[in-house]
> 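I am attaching a structure below and will ask some questions about it afterwards.
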Number of protein chains: 2
Amino acid sequence: MTEVPARERLMDAAVEAFAERGFHATTTRDISTRAGMSPAALYVHHASKEQLLYEISSAGHLNTRHMLADAYASTADPVARLATMQFEFTKWHAVHSKRARVVQYEISALTPEHRREVAGHRRDIERIYQDAIREGADKGVFEIEDVPGTALALISMAIDLVRWYQPDGPRTPDSVAQLYADLALRAVGARTA
Amino acid sequence: MTEVPARERLMDAAVEAFAERGFHATTTRDISTRAGMSPAALYVHHASKEQLLYEISSAGHLNTRHMLADAYASTADPVARLATMQFEFTKWHAVHSKRARVVQYEISALTPEHRREVAGHRRDIERIYQDAIREGADKGVFEIEDVPGTALALISMAIDLVRWYQPDGPRTPDSVAQLYADLALRAVGARTA
DNA sequence: CAGTGTACTAAGCGCGCGCTTAGCGCGATG
DNA sequence: CATCGCGCTAAGCGCGCGCTTAGTACACTG
């Protein structure tokens, strides 16, 4: 029986609430009640409601960026590399669909400074996709006309999943991830081995 | 010099405000000020802030559903049909990117009844995509394993565009629409003529 | 068993929200 | 030129928000 610290219980409650109602429609009373505490408890552990969002958003962006960098570095084969990237990126959004909903859709609720920081992580993520696609094209393994545009389309598929994905629905994270990895390879015109 | 009715000026102002800040972060004072009126004027022409959102959302859903039905009916050739659908659907989201942002991302702010109605339109849209893909697969023109999953992926590409699309950026609605139509045909494994 | 630090709560402040009410200005009508 | 009604506004109500302050319960220490 491990005790979950109050600070984390509040973060988990905030993820749930932000994902269900959105940041602006969520009250600090809702978050603290979900965590089984009084309204004032939130301010013992976190500076503000926005700070709570920032912590969730920042951790999520660092997490996915790291994951993609690892997937990129895992092999030099463009086909396996892009497939792994799209598989992992999609799977993360399915497994952590609530967290991902907050990470992807509540950026505009951050303060300008926090928003700028997060925008940097997002550019990094785009660049990793672009590099993976461009390298495949340069090696003649992919057929691509618009590298940044194609990168955006692949990222969009995975991100938009959090708008409709239901954890208790028929699709498992692995099955969507496999489908989207296959679609990504088709979209880049990958030569089938 | 045509006079724009106050009712529509308020709707246009609401689209701008909802798209920039989101429904819950937008105040009725903000909307009426943008329309050049006093706060009370909003309630002369609209029953509530939610009703304003519903009108925007409903019109947008009917609009896109109709557009897709037309594109579906325009030809019996699966390849041309799906290309037209994805082109038009993508182009609409680029041309009306602010309106589309509200239509796609503020559904949870609707009343349960309005949300249910809009959900029906969304199911219709999914079904049109599924029909177009299934028919291509049945005729042996497409290679598809998961029809509903592939439909969701194509829809996601177009919808998620409103998260990043900038009207004054380098990409024109037609250029993104063309790219996404091509990617859609690749994703369904369309035989090139 | 008094003293102390930690983790939390009870109570509530001030603000800005969605929305209402009462009434005004003014062109159209007789 | 009195009357009416339409389109709009000035003023403000009551509520629930984010957040603060002052204090309490209690495990731990000597």
Side-chain angles (χ1 to χ4, degrees), chain A residues 1-58 102 105-115, chain B residues 1-58 102 105-115:
Chain A
M1 173 88 194
T2 44
E3 281 285 319
V4 178
R7 194 186 144 78
E8 284 179 34
R9 261 159 56 219
L10 283 162
M11 277 193 64
D12 292 345
V15 167
E16 292 263 328
F18 292 163
E20 278 178 25
R21 309 192 207 292
F23 177 80
H24 290 293
T26 297
T27 69
T28 54
R29 283 161 179 83
D30 184 15
I31 297 168
S32 47
T33 302
R34 280 178 198 246
M37 299 165 137
S38 78
L42 193 152
Y43 294 90
V44 172
H45 300 282
H46 301 274
S48 68
K49 187 177 128 179
E50 191 275 341
Q51 187 69 31
L52 208 38
L53 173 64
Y54 168 67
E55 282 159 24
I56 295 164
S57 188
S58 182
V102 179
Y105 293 142
E106 299 294 348
I107 292 173
S108 70
L110 293 167
T111 62
E113 195 183 345
H114 287 157
R115 193 157 58 242
Chain B
M1 175 88 192
T2 45
E3 281 284 318
V4 179
R7 194 186 144 78
E8 284 178 34
R9 260 159 56 219
L10 284 162
M11 277 192 65
D12 292 345
V15 167
E16 292 262 328
F18 292 162
E20 278 177 25
R21 309 192 206 292
F23 177 81
H24 289 293
T26 298
T27 69
T28 55
R29 283 161 179 82
D30 183 15
I31 297 168
S32 46
T33 302
R34 280 178 198 247
M37 297 164 141
S38 79
L42 193 151
Y43 295 90
V44 173
H45 299 283
H46 300 275
S48 68
K49 187 177 129 181
E50 191 276 340
Q51 187 69 32
L52 209 39
L53 173 64
Y54 168 67
E55 282 159 25
I56 294 163
S57 187
S58 182
V102 179
Y105 293 143
E106 299 294 348
I107 292 173
S108 70
L110 294 167
T111 61
E113 195 183 346
H114 288 157
R115 192 155 60 240

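In the text below, chain A, chain B and the rest are named by the order of the sequence lines, each starting its count at 1.
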> What protein N or O atoms touch nucleotides 23-28 of chain D N or O atoms at under 3.5 angstrom, if any, and at what distances?
none

> Can you give me the closest heavy-atom contact between S32(A) and L10(A), atom names plus distance?
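What the structure gives for the nearest pair is CA-CD2, 4.1 Å.
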
> Would M11(B) and H45(B) satisfy side-chain contact (heavy atoms from CB on, under 4.5 Å), going step by step from the backbone distance to the final call?
CA-CA 10 Å; M11(B) 277 192 65; H45(B) 299 283; over 6 Å; no

> Rounded to the nearest 0.5 Å, how far apart are CD of E50(B) and CD of E55(B)?
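It comes to 9.5 Å.
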
> Could you report the tightest heavy-atom contact between A17(B) and I31(B), atom names first, then the distance?
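Smallest interatomic distance, heavy atoms only, reads CB-CG1, 4.4 Å.
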
> So which heavy atom on R115(A) is nearest to which on I107(A), and how close?
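Heavy atoms only, the tightest pair is CD-O, 3.5 Å.
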
> Do any N or O atoms from the side chain of R21(B) and from the backbone of T26(B) form a donor-acceptor pair under 3.5 angstrom?
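Not a single qualifying donor-acceptor pair exists.
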
> Going by number, which of residues 26-43 of chain A have a non-hydrogen atom under 4.0 Å from DNA chain C?
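Contacts with DNA chain C under 4.0 Å: R29(A), M37(A), S38(A), A40(A), A41(A).
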
> Judged by atom type as modelled, is there a donor-acceptor pair below 3.5 Å linking the side chain of R29(A) to the main-chain atoms of P39(A)?
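No, because the side chain of R29(A) does not come within donor-acceptor range (under 3.5 Å) of the backbone of P39(A).
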
> Would you name the heavy atoms of A109(A) and F23(A) that are closest together and state the gap between them?
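Reported closest heavy-atom pair: CB-CD2, 3.5 Å.
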
> Between the side chain of S57(A) and the main-chain N/O of L53(A), is any donor-acceptor distance below 3.5 Å?
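Flag not set: sc S57(A) to bb L53(A) has no pair under 3.5 Å.
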
> Once you measure the plane-to-plane angle for Y54(A) and H114(A), does it fall in the parallel (<30°), tilted (30-60°) or perpendicular (>60°) bin?
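Ring orientation, 0 to 90° scale: parallel.
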
> Need two values: the first and the last nucleotide of DNA chain C, 5' to 3', having an atom under 4.0 Å from any heavy-atom of chain B.
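For DNA chain C, the relevant span reads dC17(C) to dT20(C).
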
